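Written below as structure tokens is the structure these notes are about.
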Amino acid sequence: YQQALSAYGILYQGLHPDLASTLNNFGSVYLSMSEFPKAIELFKQSLKMKRKIYNQAHPSIANTLMNLGKSYLSCNRLDKAIKNFQESYQ
């Protein structure tokens with residue numbers, strides 16, 4: 001994923017659905033390794049990018065919000081977890 005992030009960053013110079021997806025996937029790797037702060041940061045980057053690329057109701061945004069919610073839940077930040085879970089269903 002690190003190499004993909006570097007390549008996409010060079011190729012697309014910022015905003016591209018593939019880069020946003022790679023950030024989300026990379027966040028999932030950190031989530032599975034219980035490295036929650038890194039996962040949260042990557043999911044936030046992905047979400048920010050996806051919100052600029054897609055309209056608010058896009059399934060990819062909902063997916064990243066769910067992943068962000070799972071990360072917050074895993075580190076007992078329940079208020080933020082609930083917020084992200086709820087937003088993913090809107």
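What you are looking at is a predicted structure, and each value in this text was computed from that prediction instead of being measured.
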Salt bridge (charged side-chain N to carboxylate O under 4.0 Å, His left out) involving E87 - partner list, sequence neighbours excluded
R51, K83

For residues 59-66, please give each side-chain donor-acceptor pair under 3.5 Å, one per line with the distance, not counting sequence neighbours.
unit_1 : atom_1 : unit_2 : atom_2 : d
S60    : OG     : K50    : NZ     : 2.8
N63    : OD1    : N24    : ND2    : 3.2
N63    : OD1    : N67    : ND2    : 3.4
T64    : OG1    : N24    : OD1    : 3.1
T64    : OG1    : K50    : NZ     : 2.6
T64    : OG1    : S60    : O      : 3.2

Quick one: list whatever passes side-chain hydrogen bond (donor to acceptor under 3.5 Å, both in side chains) with S74, sequence neighbours left out.
none

Quick one: salt bridge (charged side-chain N to carboxylate O under 4.0 Å, His left out) pairs with a partner in residues 20-48, sequence neighbours left out?
E35-K38

Just jot down the ring pair (Phe, Tyr, Trp, His ring centres under 6.0 Å) partners of Y54, sequence neighbours excluded, or say none.
H58

Which residue pairs satisfy the ring-ring contact (aromatic ring centres under 6.0 Å, His included) criterion with at least one member in residues 68-90, sequence neighbours excluded?
none

Rounded to the nearest 0.5 Å, how far does CG of L42 lie from CG of L47?
12.5 Å

Identify the heavy atoms of A39 and S71 that sit nearest to each other, and give their distance.
CB-OG, 3.9 Å

If every non-hydrogen atom of A20 is compared with every non-hydrogen atom of S46, which pair is closest and at what distance?
O-OG, 2.8 Å

Please identify which of these residues, L73, L31, N76, meets the side-chain contact (heavy atoms from CB on, under 4.5 Å) condition with F36.
L31

Gap separating the CG atom of L19 from the CD atom of Q45, nearest 0.5 angstrom:
9.0 Å

Under 3.5 Å, side chain of S21 to main-chain N/O of P17, donor-acceptor pair present?
yes

Is there side-chain contact between Y30 and P37, with at least one heavy-atom pair below 4.5 Å?
no

Partner residues of N84 under the side-chain hydrogen bond (donor to acceptor under 3.5 Å, both in side chains) criterion, sequence neighbours left out:
none

